[in-house]
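Since the structure comes first, as structure tokens, the remarks are kept for the end.
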Amino acid sequence: MYNLLIKNGKIVTSEETLVNTDILIDGGKISEVMPNINIDGYYTIDATDKIIIPGLIDMHCDICEPGYEYRESLVTASLSAARGGFTSITCSPNTLPSIDNKTVVEYIKTKSEIDAVTHLFPYGSLTKECKGTELTEYGEMQLSGIVALSDGDVPIQDNSVVKKIFRYASMFDMPIIMHCEDTSISNKSGINEGYMATKLGLKGFPVVAETIQLARNIFLAKDYGINLHITHVSSKESVELIRLAKDKGISITAETSPRYFILDESNVDNYNTYAKISPPLRTKEDIEGIINGLKDGTIDVISSDHKPNTIDSKLLEYDIASFGMSTFETAFKLSYTYLVHNGILTLQELVNKMSYNPANILGINKGKITPGYDADLVMIDINSKDVINSKKFLSKAKYSVYDGYETQVDITNTIIQGNHYNYNED
């Protein structure tokens, strides 16, 4: 951990914007935030013409370790995340073994302290091996360090099991994180049911397969008073349901990721497996609905939805190719470009959705630039453009549907608990 002095930065947080302000870091903690700090013996970073924001927090990403290190490891995932401005990441429980007991939770936490450059917060499985049948010991895992409960991207089909989960989970002050998909009608497909699926001769994933489970989860959350969080909202209909639930006072939060406000089903044309995801890319009207949900606060969080896989698993026929994208290193830059640069959100609102709100939902002491907090900071340059080049990713998954996209911001420095990573250096 370094003792750092950051000089002359513009600080943007969820609460305020400060210009020409210095940040003093002692032992990995923020000790002072004020103008004109003059002190000797500190490594000094000149932040003139740079903006400093709180470290980003990723609520939805696959780390893949343990069990799937050939896709991604704690080392590569955390380096890739840090390069994208994420100083804290979560760990989906869909590992091998699943994070479904306190022993695996403790292993993940211990291993992350050795291998990860970022902070890591594990999720515990709702059901054993994420199979959607037998419940796990939520209390034991919470005492061991999980911050939320989820079965990752595995949707639970049995309504009676979900009812048991919500009843049991109501005893614990943790969010329940759900992927909404009725697999009996989704065809487990990676393409929207619509024009493009018809054109390519593929079975599609209809919007109703998402909304039918979303409605079920909302009603059960209301009955049992749990804190429900919905992952990767992809459709305007889902936004409308979440908005209605919030209006009725139900404790629900939601997230989306850049793909759902940038890309649409046309990106799957020519069987482009780089754009194969679940839920799938929808229509231009859905993009508009997602953007409206971001603007009015219906959607609380923007995550990376980083789901890496091997390039070999992508270069297959569409039906059998793997799902997912490599997105740690593109999520913030694309969000800034398409939302802030285009005047849809302010930078402060984007910081809320990528830092403050995730910290608040997960109940972790992050997302602020305040004395006493960990020195988790990101320095960005809005006067510098960048072009996405997946070959330079630090992730093992060196491919991207966004290759060649120009972004209107660059990340120059990431500071994690006082450890400084300068991406302008060779």
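Put simply, the side chain of Q157 gets close to the backbone of T183: a donor and an acceptor are under 3.5 Å apart. Judged purely by atom type and a 3.5 angstrom limit, S322 has no side-chain atom pairing as donor or acceptor with the backbone of N309. Checking side-chain atoms of D381 against main-chain N and O of N383 turns up a donor-acceptor pair under 3.5 Å. With hydrogens and angles disregarded, a donor-acceptor distance shorter than 3.5 Å links the side chain of D300 to the backbone of A254. Within the 3.5 Å criterion, the main-chain N or O of S390 finds a donor-acceptor partner in the side chain of D403. Checked by atom type and distance alone, the side chain of Q408 never pairs as donor or acceptor with a backbone atom of I382 at under 3.5 Å.
Residues F86 and E329 form no side-chain contact, since every pair of their non-hydrogen atoms from C-beta on lies 4.5 Å or further apart. Contact check for P308 versus C64: side-chain heavy atoms found under the 4.5 Å cut-off. Side-chain contact check for K353 versus V301: every heavy-atom pair is 4.5 Å or farther apart.
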Take K7 and D22, measure what salt bridge (Lys or Arg N to Asp or Glu O under 4.0 Å) needs, and give me the verdict at the end. CA-CA 5 Å; K7 297 284 292 182; D22 303 343; 2.8 Å; yes
Does the salt bridge (Lys or Arg N to Asp or Glu O under 4.0 Å) test come out yes or no for K307 and D62, once each step is laid out? CA-CA 5 Å; K307 192 177 181 69; D62 279 8; 3.0 Å; yes
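Under the 4.0 Å criterion applied to side-chain N and carboxylate O atoms, E137 and K102 are not assigned as salt-bridge partners. One finds a salt bridge joining D374 and K29 here, because a Lys/Arg side-chain nitrogen approaches an Asp/Glu carboxylate oxygen to under 4.0 Å. A salt bridge is defined here as a Lys NZ or Arg NE, NH1 or NH2 lying under 4.0 Å from an Asp or Glu carboxylate O, and K284 with D264 meets this definition.
Classified by interplanar angle (parallel below 30°, tilted 30° to 60°, perpendicular above 60°), the ring pair F332/Y336 is tilted. Using a 30° and 60° split on the angle between ring planes, H420 and Y43 fall in the tilted class, from 30° to 60°. The aromatic rings of Y423 and Y421 lie parallel to each other, their planes meeting at an angle below 30°, with 60° marking the opposite boundary.
Side-chain contact check for S186 and E181: at least one donor-acceptor pair (N or O, by modelled atom type) lies under 3.5 Å. Side chain to side chain, T283 and E285 meet the donor-acceptor criterion of an N or O pair below 3.5 Å. Between the side chains of S235 and D286, no donor-acceptor pair of N or O atoms lies under 3.5 Å. Side-chain contact, S73 with T76: a donor N or O sits under 3.5 Å from an acceptor N or O. Looking at Q213 and D182, their side chains never bring a donor and an acceptor atom within 3.5 Å of each other.
With a 6.0 Å cutoff to the six-membered ring centre and a 45° limit on the axis angle, R282 counts as a cation-pi contact of F205.
In this structure, the ring of Y338 has its center no less than 6.0 angstrom from the ring center of F261.
Summarising the geometry of P66 relative to I108, their closest heavy-atom pair is CD-CD1, 3.2 Å, with the distance given to 0.1 Å.
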